[in-house]
Structures are given as C-alpha cells and as structure tokens.
Undergrad: 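The structure under discussion is supplied below as structure tokens; questions concerning it will follow.
All values derive from a computational prediction rather than experimental measurement.
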Amino acid sequence: MAAVMPAPAASRLLLSGNEAVARAVWEAGVKVAAAYPGTPSTEMLEVISTYPDLYAEWSVNEKVSLEVAIGAAYAGSRSFCCMKHVGMNVASDALMTLTLTGVIGGLVIAIADDVGLSSSQNEQDSRYWGRFAHLPVFEPADSQEAHAMTLQAYELSEQFQVPVILRMTTRINHVKSLVTTGERVAHAGAGFKKEPGRFVMVPGNACKRIPLMFKRDGELRALAETSPLNFIEHGSDRRVGFIASGPAYMHVKESFPNAPVLKLGFSCPVPFEKCRELAALVDQVVVVEEVEPLIVTELKAQGLKVLGKEILPLQGELSPNVLKPAIARLLGEPLPAPQAVVPLQVFPRPPTMCVACPHLGVYYTLSQVRNLNISGDIGCYTLGAGHPWNALDTCVSMGASMGVALGMDKGRGEADKDKRVVAVIGDSTFLHMGMQGLLDMVYNKGNVTVLLLDNRAVGMTGGQDNPGNGRDIHGDEAPRVDFAKLVSALGVKEERIHKVNPYELPVLFKTIREEVKVPEVSVIITDQPCVLIKDYHKLKPFEVIDDRCTGCGNCIDVGCPAIHVTRRGKEVKASGKEVDLAFVRIESSVCTGCGLCVQPCAPKAIVHYAPVSPIKLVSKGCGA
Amino acid sequence: MSENTNILVVGIGGQGVMTATEILAEAAIAMGHDAKKTEVAGMAQRGGVVSSHLRFGQRVLSPQITPGTADVLLGFESAEAMRWQHMLRPGGITLMNTARLVPPVVELGLFDYPDDPLGEIRKSGNKVVAFDATSIAQQLGDIRLGNTVMLGAIADHLPFPAETLLDCVLKRFQRKGEKLVELNRQAFAAGRAAVGTAEAVAA
C-alpha cells in the first residue's frame with residue numbers, strides 16, 4: 001500500500017471512527033503505531049500505515065504491539081496501539097505494569113469493543129481496564145469526537161505521563177460521519193532518560209510507584225470534574241435526567257431531546273460531583289452505558305440514587321427502540337406503539353467460506369474421517385463449525401486450540417477412549433498465540449494431530465499480512481517464516497511434519513487418517529493462499545454436464561458457494577432405501593477452477609467450462 | 001427525529017451494498033446535509049447478510065435506523081428485501097432487485113428459499129417496485145455494474161436531484177477511464193428507467 005497524500009487541514013470528510021482516529025494519530029505527530037488486526041479495530045492501523053512520516057507495523061499479537069508502543073513512548077516519542085476487546089486480555093500483562101512506569105511521550109491505546117457481537121467469541125466491556133489499571137478512559141460518541149478525543153488524549157497522556165485508553169465500540173469504529181480535519185503537528189521526542197527506579201519494575205521499585213498511581217487517580221478525577229469532555233445539557237423535561245457515555249449519548253439525545261443529560265466523554269475516573277449536579281436538577285437519574293453497569297455501580301457506591309441496568313439490558317447494543325420503552329415503563333406511560341410490520345420469516349444466511357477457499361477441502365476431509373474430536377481456533381476456518389462440515393467441536397480464544405486439544409487428550413474419559421484429537425489453527429493465529437501451546441503439547445507428549453492451515457493471510461479481518469507471507473503492512477517484502485522449520489524447532493519430529501496441498505483431497509485424507517493413528521504430535525501444514533489475496537491465481541472455471549449428474553450431492557458437501565441445486569428428486573435403492581437427490585449446476589462466473597468439487601464427483605459430471613455465449617466479447621474492456 | 005431521511009440498503013456480502021451506501025452518503029453531504037452511515041455486516045466475510053444504514057438531515061444523532069422508520073429500502077437481493085420489511089415506515093417504499101442468491105444452507109436442503117419474496121412483500125401491504133438489476137447489468141456487459149443500476153433506481157426517491165447522486169457515482173470511476181464512466185452512466189440511467197417503468201406498470 002503506497003502512502004497517499006493526506007487530505008489538507010480543514011477538509012470536511014465522511015470518516016469512520018477508525019479513520020478519524022487514524023487521522024488524529026497522524027495529526028498528533030505520533031512516531032510509532034502497532035496492532036494485530038481484529039474486527040472492529042483493524043482499519044485504524046490499516047489507515048495509519050498509509051500516512052507518511054510514521055512507523056506502522058502489524059505485530060504478531062496485541063501484547064507485542066503494546067510493548068512496541070511502550071518502548072517508543074519510553075523513548076520520548078508519541079506512540080499508538082489499538083486492538084479489539086479480546087486483544088486487551090492478551091496485552092494486559094504489559095498494561096498492568098505500564099500503569100506503574102507511565103510514559104514519557106504520549107501513548108494512546110484504542111480498544112474496540114464488539115458490542116452486539118458482530119464477529120467475536122464474547123462481548124466484554126473494556127472500560128474495566130481503566131478501573132483495573134487505574135488509567136483514564138475517553139469514550140467518543142461519533143467520528144468527530146473520536147478525532148478530537150484522540151488529540152486530547154495525547155495532551156493528557158503527556159501532562160500526567162500516563163497512557164490513555166480510548167474506548168470505542170463497533171458503532172464508533174464502523175460508523176461514518178463528518179469530521180473536520182486539522183494540521184499535523186510535529187512532535188519532537190524528548191529521548192530516553194535512564195531512570196531505573198521508574199522503568200525497571202522489580203518489587204523494590206514497583207512498590208514505590210503504586211502510591212504515585214493512587215495519587216494520580218485523585219488528580220485525574222479532579223480533572224474529570226472540570227473537563228470540557230464532561231458536560232451537562234439542560235432540558236425542559238426534568239422527570240428523568242440521563243448520564244450517558246459513548247454512542248449511548250446519541251441514542252439518549254435522539255430519544256429524549258428535552259431531557260437533561262450529563263455526557264461523560266472522560267468517563268474514568270467518574271466525576272462524582274458533576275453527577276451530583278445533574279441529579280439535583282431532575283426527579284430521577286438513569287445511567288445509560290454499553291455493556292456493563294460500571295458507572296452506575298460507582299455512583300451507587302457514592303450514595304447517589306440512580307437507575308441503570310434495572311431497566312436497561314446487560315447485553316447488546318442500545319438504541320432508541322431499546323431506550324424509549326424502558327423509560328416509558330419507568331414513568332408509567334403507555335408503551336410506544338408496536339412496529340407496524342411484523343418481520344417476515346426468511347431463512348438464516350450465515351457467512352460462508354469463499355468460493356474455492358483452501359479451507360473447504362480441509363473441512364470436507366475432516367467431515368469424512370470418523371471418530372475425531374476437533375479443537376478449533378479463531379479465524380475464517382472457525383466457519384468449519386457450520387454446515388455442511390460440522391467439523392469443529394470447540395473454539396475458545398486465539399491460539400487456544402493447542403492447549404484445549406492437549407487437555408482433551410489428557411483428560412479423555414471412557415466414552416472418548418477411541419477418539420482421536422485433532423487441533424485446527426491458522427497461520428497468523430499460530431504465530432499470535434499458538435506456538436507456545438504446540439511447544440507444551442510436544443513437551444508433555446500429547447497425542448494430537450495439528451492441522452496448520454497456512455493461507456498466508458489474516459483472512460477473517462480482510463487478508464492482512466503477517467510473518468507467514470513475507471510482506472509487511474505496506475506490502476513490502478519481509479522475511480517469511482518457514483512453518484515446517486518452526487514446528488520442527490518446537491520439537492515436532494521431522495517424520496511427523498507434512499506439507500499438503502489442501503486441493504488434493506485424496507492426499508489430505510490419507511495424511512490425516514494415517515497421522516491420527518500415530519500416538520504423538522503430528523503437524524500437517526496446508527499451504528495454499530487465501531482466495532482474496534494477490535497470491536491467489538484463478539484457474540479455468542468448471543461447469544456441470546447435466547446429463548451426467550446423478551444427483552448424489554457429494555459436491556454440495558464440499559460447501560463451495562458456487563454450487564447450486566437445480567432440481568431435487570428421490571431414488572429408491574435396490575435395498576429399498578429411499579435417498580434424496582440434488583442435481584446441481586456451478587455458477588461459472590464466480591468459479592475459480594480450484595477443482596475441489598470435481599474430486600468427489602463419481603460420474604465425472606464436472607468439466608471445464610466452455611463458454612459458447614458472446615458474453616465474454618461484450619464484457620471486454622470493462623473492469624469495474 | 002422525523003426530519004431526517006432514513007435509507008436502508010440491504011443485500012449480501014460482496015454485492016457492493018456498503019459502497020452504494022457510501023456514495024448515497026456523499027451525495028447527501030454534497031447537498032449540505034449532516035450524515036451518518038453504519039452497517040451490520042455478516043462477520044468480515046462474504047456471503048453473510050449486510051444491512052447498511054444511512055441517515056441524513058440537518059443533524060443526525062443515532063446512526064441506526066429505528067425499525068419502522070426507514071423511508072426507502074434498497075434491496076440488492078430478493079430474500080434480503082423481504083427480510084428487512086419491518087424497518088420501513090408506513091408509506092415507505094422498497095426498491096428491489098428480483099435476483100435470487102441462494103446460500104449453501106438452502107442448497108443443502110436445511111432451509112427453504114421463499115417462493116415469492118415480492119408477493120410476500122406485497123401481501124404485507126408495503127409499497128414495492130421490483131426490477132431485475134442483475135440482468136440489466138449483465139446486458140451492459142458486467143455484473144458488477146449492478147451496484148450502479150441500484151443507485152439509478154433510488155435516484156428519483158431522494159429529497160435531492162438525481163443528478164447529484166449521478167455525479168457522485170461518476171466521480172468514483174473518473175480515474176479509471178472514460179469508458180467505465182460511460183458504462184456507469186448507462187447503468188445509472190437503466191436503473192432509473194427500470195424503476196420508472198415498473199412503477200408505471202404497477203400503477
């Protein structure tokens with residue numbers, strides 16, 4: 001990705017929250033930015049990497065990305081790091097000590113909470129980290145605020161030598177709204193100053209830093225009381241006043257335009273006096289926050305009479321159609337009229353693996369091997385848990401497939417004594433957190449067959465680069481990990497390491513079936529690129545010869561979205577058993593010719609597509 | 001707030017729903033409106049349900065369209081147009097592509113694709129205009145023009161001139177050459193005409 005000239009200052013742009021933060025990071029004169037991709041945070045670093053005059057990297061995991069940002073901030077430069085909510089669980093070890101050392105150059109950590117679970121294994125509230133690590137938390141409500149608060153966070157960070165958490169949610173990260181841009185201001189780094197008492201956190205030093213942290217808490221709370229990021233909007237309807245943070249503020253304003261509202265942009269530490277000021281104005285106070293009852297609990301502990309999750313949901317996104325009925329009920333008013341239209345029932349449409357995805361062959365094969373317990377991981381290949389493969393039995397957290405598999409092996413009961421344990425993991429996930437698990441598995445003599453699905457990309461988040469594909473964040477050449485050598489170095493025996501082309505189903509099937517019988521750790525590496533990255537090359541598409549198709553449906557079980565049923569039927573076998581038939585066609589316009597569906601087709605009904613229509617000529621020259 | 005215009009664009013990952021909504025947002029901004037755009041995409045992957053919300057007006061607060069308040073539903077696929085009917089306000093209109101994109105769960109026989117999505121929508125009493133955007137795009141030479149056909153379809157259902165939207169569409173393709181600009185101009189016009197004709201037939 002080549003650097004583009006950033007839009008000039010005072011431009012009015014439609015930016016997502018992620019793009020707005022990226023712009024502000026650049027304007028703030030940040031020198032180092034690092035992240036591991038994760039929805040909904042990914043675009044922050046993707047966009048930052050297109051700006052000139054700063055260093056950006058994809059780190060192998062969130063803890064490393066935070067460590068890189070810490071190093072740069074120790075060196076006196078401004079630095080940035082971002083992650084999705086579960087990423088902070090990984091980075092938290094570094095965070096909990098960082099809060100004691102503090103920083104020299106400003107450091108902002110943007111955490112993206114997937115409220116409503118658009119693509120995550122859990123829903124967690126990252127504002128807890130502010131309380132846990134005693135760090136200030138800013139909560140923007142739209143892109144313009146995300147931009148402004150990022151700049152203000154750098155000021156605060158340097159004023160108090162403290163890292164600042166910018167808590168965002170999907171409805172900030174992925175909402176586009178108008179942002180007025182500013183200038184980039186160069187920030188001269190102060191340079192690293194040796195100060196072992198502060199930067200070497202051995203117990204003797206750390207225990208002296210803890211009282212300073214508590215002192216800082218008090219100063220930050222005093223600042224939050226007067227911060228312009230926390231303000232009261234007076235309203236004429238004083239029956240209910242609201243305290244709201246993040247996008248919840250927008251929903252409150254939309255739903256109750258005449259109610260008094262205290263908006264908390266600088267929401268940790270909570271400015272108690274400001275909250276009391278609002279409470280004095282109104283009959284009742286409702287705290288509106290996504291996800292957990294954090295602020296409301298702190299206010300109750302202060303003796304304030306406030307309501308929160310008693311009337312609002314603990315899970316999922318807030319919106320006017322959640323808020324309005326809840327407040328109507330509280331006030332004893334008639335509930336708003338129900339929706340005019342009841343939703344029409346339509347089949348579910350879950351995300352699917354792409355046409356020709358190299359994982360299709362792996363899951364098709366796994367679904368054909370009996371007696372497996374399969375430990376899965378985070379990535380596109382998690383979709384293998386769905387139809388038609390149903391070939392994943394667990395998915396906990398990034399890299400956990402390794403340890404979980406070992407545990408399933410060691411902890412197996414009588415019922416599973418004949419089952420073989422398989423672990424499935426992607427290339428980037430393996431480098432992120434899987435390596436240590438594999439080492440543990442080898443060291444503790446596990447009996448697990450590991451499938452390392454190397455598609456040379458962080459597929460699920462959009463195909464970002466990683467040390468497995470030999471490119472950096474800018475797409476420039478970088479050293480590439482040799483997975484076979486790496487797993488060998490972790491102690492897997494040479495004869496137990498296999499590299500297999502996932503499009504060659506018989507070889508894949510044979511390798512898996514043989515390796516699961518061997519009572520030790522095996523690693524089968526599949527080595528074909530994600531179909532969405534530039535390493536992938538399309539081949540000649542296929543089509544179905546209708547006369548030859550027997551309707552057996554084997555090709556459908558591969559799970560490729562390019563295969564469609566044209567008609568269904570029934571057949572009575574010689575045994576008297578009735579079987580369902582499904583005759584198919586292949587959508588040749590999207591087929592890339594991977595050949596996976598060809599292999600299980602016994603009647604050889606799938607052949608290369610021979611275009612006879614003139615469509616190809618008409619489309620010539622069109623590259624929309 | 002009722003003075004905002006709410007447009008819901010729905011379809012399937014990979015169809016260009018998000019890009020189309022972004023172009024609509026750019027047109028609204030060009031007209032001096034405040035605007036917010038957000039979507040719920042079926043994970044980061046292709047093939048899942050995508051619904052993209054656009055709200056514009058003097059000042060937009062919540063980015064999401066409340067169910068029952070969408071002015072226009074622009075449906076890139078038949079079953080998806082049906083799925084999101086409850087988002088329309090009374091008197092709101094659906095503009096839908098009649099193309100059917102059948103997902104693997106239906107091919108596997110686990111669920112049924114509705115026989116007549118258009119009929120179901122009509123039965124619910126909502127106003128709907130249906131046309132085959134995919135075929136129009138194919139006739140123009142590239143299925144990917146379907147996106148612009150859909151934008152042409154909504155052009156006369158906006159509180160600002162269709163030409164503003166057309167300008168925003170064409171600006172996207174300017175760097176890619178005059179030929180592509182011309183094709184998109186045709187696609188836009190074809191979408192506009194298709195809705196006009198379908199509406200005339202319906203009336």
Side-chain angles (χ1 to χ4, degrees), chain A residues 12 14 39 42 116 118-119 142 171 174-178 247 250-251 253-255 257 317 319-321 339-344 346-354 380 383 386-388 460-462 532 556-557 559-561 563-565 568 580 582 584 589 615 618-624, chain B residues 1 12-13 22 25-26 29 34-49 60-64 66-68 79-80 82-83 85-86 88-90 102-114 117 120-121 124 126 138 141-145 173 176 179-180 183-184:
Chain A
R12 205 160 155 263
L14 183 70
T39 309
T42 313
S118 69
S119 58
D142 64 12
R171 290 292 177 198
H174 286 174
V175 171
K176 290 204 170 189
S177 57
L178 287 164
M250 293 295 180
H251 301 316
K253 290 297 285 181
E254 175 101 26
S255 309
E317 287 186 288
S319 62
N321 55 320
Q339 291 155 208
V341 184
V342 178
L344 300 172
V346 185
F347 58 86
R349 196 191 286 270
T352 59
M353 285 198 226
C354 298
C380 290
L383 300 172
H387 297 294
M460 186 59 108
T461 44
L532 299 181
I556 304 173
D557 290 337
C560 178
I563 298 174
H564 296 283
V565 175
R568 296 185 191 275
D580 291 322
V584 301
S589 64
I615 286 173
V618 179
S619 72
K620 205 175 157 195
C622 176
Chain B
M1 283 188 192
I12 294 159
E22 187 148 318
E26 282 166 9
I29 290 168
D34 183 24
K36 281 186 179 170
K37 168 194 170 274
T38 186
E39 48 266 318
V40 176
M43 311 203 44
Q45 278 299 301
R46 296 179 171 214
V49 176
V60 183
L61 294 162
S62 165
Q64 290 127 289
T66 301
E80 295 312 313
M82 182 178 155
R83 188 191 306 278
Q85 283 303 306
H86 63 283
L88 277 178
R89 67 168 165 80
V102 182
V105 288
V106 170
E107 304 297 5
L108 287 161
L110 300 166
F111 297 95
D112 291 325
Y113 193 97
E120 297 288 331
I121 296 170
S124 71
N126 287 345
Q138 266 165 348
D142 196 317
I143 196 163
R144 284 170 292 187
L145 289 166
F173 295 98
K176 294 182 177 175
K179 197 164 182 182
L180 207 53
L183 269 173
N184 276 280

Undergrad: What's the separation between atom OG in A:Ser177 and atom CG in B:Asp34, rounded to the nearest 0.5 Å?
TA: 7.5 Å
Undergrad: Hey, does A:Asn321 have a side-chain heavy atom less than 4.5 Å from the side chain of B:Pro67?
TA: yes
Undergrad: Select one option (side chain, backbone, both, neither) describing which atoms of A:Asp142 are under 4.5 Å from chain B's heavy atoms.
TA: side chain
Undergrad: Tell me, for A:Pro561 versus chain B, whether the close heavy atoms (under 4.5 Å) come from the side chain, the backbone, both or neither.
TA: both
Undergrad: Could you report the tightest heavy-atom contact between A:Leu14 and B:Ala35, atom names first, then the distance?
TA: CD1-O, 4.2 Å
Undergrad: Heavy-atom pairs under 4.5 Å with chain B - which of A:His564, A:His387, A:His174 has more of them than the others?
TA: A:His564
Undergrad: Looking at B:Glu107 and A:Arg568, what are the two nearest heavy atoms and their distance?
TA: O-NH2, 3.0 Å
Undergrad: Closer than 3.5 angstrom, by distance alone: can the side chain of B:Arg83 be matched with the main-chain N or O of A:Phe347 as a donor-acceptor pair?
TA: yes
Undergrad: So for B:Ile143, is it side chain, backbone, both, or neither that comes closer than 4.5 Å to the heavy atoms of chain A?
TA: neither
Undergrad: Between A:Lys176, A:Arg349, A:Met250, which residue shows the highest count of heavy-atom pairs closer than 4.5 Å to chain B?
TA: A:Arg349
Undergrad: Please find the pair of heavy atoms, one from B:Pro63 and one from A:His251, that lie closest to each other, and give the distance.
TA: CD-CE1, 4.0 Å
Undergrad: Output, in order, the C-alpha distance, side-chain angles, deciding distance and verdict of side-chain contact (heavy atoms from CB on, under 4.5 Å) for B:Leu108 and A:Val565.
TA: CA-CA 8 Å; B:Leu108 287 161; A:Val565 175; over 6 Å; no
Undergrad: Please find the pair of heavy atoms, one from B:Val105 and one from A:Pro348, that lie closest to each other, and give the distance.
TA: CG2-O, 3.5 Å
